[in-house]
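Below is one structure, written out as structure tokens; the observations come after it.
Throughout, protein chains are lettered first and strands after them, A, B, ... in sequence-line order, and every chain is numbered starting at 1.
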Amino acid sequence: MSQAAFKPHYEHLKNKWNDQKNTLARQVTEKHKEAFHWLHNTYKHLVVGSLGSLVMLAHPVTTTISAQQAIVPPKKEEPPLKYLDHAMAPVTRLMLDLSFALPETVQPLTEEQEKVIGQTLSRHFAASVSAQLQGHRLNTSYGYIGSEQHLVRYPGDTMATHFSNASDAHKYYRSGMAPGRGAWGYFAPSRAAMTDKDVMREKYYIAVQTFLAPGFTDNIKSHYEFFKYRKMLVVNPENGRAVVADIADAGPSPWTGKQLGGSPEIMSYLERKDGGAKGPVLYFFIDDPDDTIPLGPITPK
Amino acid sequence: MKKHFYHEIVEIDSIHFALNGLELTREEKAELVQLVEESIHHAVMDSLLSELSEKDKKVFLALIIAQDHTEIWQLLDDNIENPREKVKTIAFELRKKMHDDIEEAHTKKTS
């Protein structure tokens, strides 16, 4: 046998550490089997994702649960979700639910995943949230978000006129202003005509890849009208922070490796960064025909 | 190392370094490092779960699934005396044993 095929020092260490790991795994699951059994059952009751996703998420602890064929059920089952409801803050419950449903890598979601996540977000935010609305959808609903600059709201709007208070100016001035207008032009024809809604539309805007939406080139006008200021729920699944945003620009370019952009205010609230530290968000349509849900930060119920 | 709630207080750099002294391929080393991480995780979990009530065990496990590190430490601080020291000690003892194992592995090398 060649040295490459068999390394006694490696085999020795691997076998020893594997035995040790298995012993420790058996020990922890046997000693605390009621708690692990509860976790296993709780997962089933959440009705999101698959058993595989729970195993992957809780690695390495729950891998030992699934491997255990003979877990003795506890005598009295506690109502799992009720228990969680009492034990956790709403934002933690949201993160927990999303962690079950999301894939391990940032990638376009399957229709089933979008459906489950849409239901999850609708439940947590008491709104009608979905990846597809009125026959329209984007190229993805889960992607990396990058930083956008402020948009010019009316002819003559500059960084000097952009902020309504010193605090916002201090926090967001350095993001600067985009050289051109947003994809739908000015938010208002003049400063005098600008409404509070226009201000909020710029403050909490996102840029999405409308040009990559399925069917976009077949009916550009229809897509253009649908996407204009369309409300979306943008959620950072890693901290549970969420914003009701509106689509006010198109971008970023596919080569950037990002799927959408957020205004400086959105990026700050979601605690998302650009560049090497970029992270993913979920972005789903909100069906709000009567315009009752205000733009800006929103917390789970 | 996967970012568990204790990743800031438990490191295995010395194990990486010691394994570099063995003749291992990148894949072999990665496999061994994974075994190290899993063993430490099981040991840490057992140690902490053993000090929690049945009710808090469930909250703890759910928080781990949610990866809510802030609330995990809040729960541990509220219910266990010096949980960070406990985690460090468990990891230290296991790491020490693993260093002995690596030393022993050197003697198994073929000449």
Side-chain angles (χ1 to χ4, degrees), chain A residues 1 3-4 6-14 16-32 34-36 38-40 42-43 46 54 57-65 74 78 80 83-84 86-89 91-100 238-240, chain B residues 2 4 15 18-19 21-25 27-29 31-50 52-68 70-72 75 90 94 97-98 100-111:
Chain A
M1 194 175 282
Q3 176 77 4
F6 183 75
K7 294 178 179 174
H9 58 286
Y10 162 68
E11 295 295 334
H12 171 78
L13 210 47
K14 188 177 78 169
K16 190 163 193 174
W17 285 0
N18 204 39
D19 287 347
Q20 177 180 253
K21 181 207 74 175
N22 289 337
T23 302
L24 287 166
R26 224 173 7 255
Q27 190 174 307
V28 70
T29 48
E30 280 175 9
K31 272 174 73 177
H32 313 288
E34 186 180 328
F36 283 113
W38 170 86
L39 184 72
H40 189 72
T42 299
Y43 160 74
L46 286 173
L54 174 66
L57 275 164
H59 167 81
V61 174
T62 46
T63 51
T64 60
I65 309 169
E78 287 186 66
Y83 185 91
L84 271 180
H86 288 295
M88 291 180 160
V91 71
T92 307
R93 290 206 310 275
L94 170 66
M95 289 163 62
L96 176 63
D97 279 0
L98 292 177
S99 71
F100 284 130
E238 291 168 4
N239 62 9
Chain B
K2 182 179 173 175
H4 291 297
I15 299 280
L19 287 175
L22 286 173
E23 289 163 20
L24 299 170
T25 65
E27 291 74 22
E28 288 166 346
K29 185 186 167 190
E31 189 176 13
L32 293 175
V33 166
Q34 188 176 342
L35 290 173
V36 171
E37 290 181 356
E38 290 186 24
S39 288
I40 288 177
H41 189 65
H42 291 310
V44 167
M45 292 293 287
D46 186 31
S47 166
L48 296 174
L49 282 167
S50 297
L52 294 173
S53 68
E54 283 302 321
K55 176 188 165 191
D56 287 332
K57 282 180 188 178
K58 293 167 187 171
V59 178
F60 178 58
L61 291 177
L63 288 172
I64 284 177
I65 296 289
Q67 297 178 37
D68 191 334
T70 306
E71 283 201 36
I72 287 171
L75 176 79
I90 289 288
L94 205 49
K97 192 167 173 293
M98 286 164 167
D100 292 341
D101 293 339
I102 293 171
E103 282 301 310
E104 189 185 43
H106 277 283
T107 67
K108 306 287 181 185
K109 281 185 190 174
T110 51
S111 55

Pairwise distance [atom1]([X]) to [atom2]([Y]) - rounded to 0.5 angstrom:
X: B/Met98; Y: A/Leu13; atom1: CE; atom2: CG; answer: 9.0 Å
X: B/Met45; Y: A/Leu24; atom1: CE; atom2: CG; answer: 12.5 Å
X: A/Lys14; Y: B/Leu24; atom1: NZ; atom2: CG; answer: 11.5 Å

Where on [X] is there a heavy atom nearer than 4.5 Å to chain A: the side chain, the backbone, both, or neither?
X: B/Thr70; value: neither
X: B/Ser47; value: neither
X: B/Lys97; value: side chain
X: B/Leu19; value: side chain

What are the two closest heavy atoms between [X] and [Y], and how far apart are they?
X: B/Ile15; Y: A/Trp17; result: CG2-CH2, 4.5 Å
X: A/Lys21; Y: B/Leu35; result: CD-CD2, 3.9 Å
X: A/Ala25; Y: B/His42; result: CB-NE2, 3.6 Å
X: B/Glu104; Y: A/His12; result: OE1-NE2, 2.9 Å
X: A/Gln20; Y: B/Ser39; result: NE2-OG, 3.7 Å

*Lys/Arg-Asp/Glu bridge criterion (N-O < 4.0 Å) met for B/Lys58, A/Glu34*: yes
*Between B/Lys29, B/Glu31, B/His106, which has the largest tally of heavy atom pairs under 4.5 Å with chain A?*
B/Glu31
_Top of B/Leu49, B/Thr107, B/Leu94 for chain A proximity - count of heavy-atom pairs under 4.5 angstrom_ = B/Leu49
_Tell me if a side-chain donor or acceptor on A/His9 pairs with a main-chain N or O of B/Glu23 at a distance below 3.5 Å._
yes
_Using heavy-atom distances under 4.5 Å, tell me whether A/Lys31 contacts chain B through its side chain, its backbone, both, or neither._
both
_I'd like to check A/Tyr10 versus B/Leu32 (side-chain heavy atoms, cut-off strictly below 4.5 Å). Are they in contact?_
yes
*May I ask you to test the A/His32-B/Asp46 pair for a side-chain heavy-atom distance under 4.5 Å?*
yes
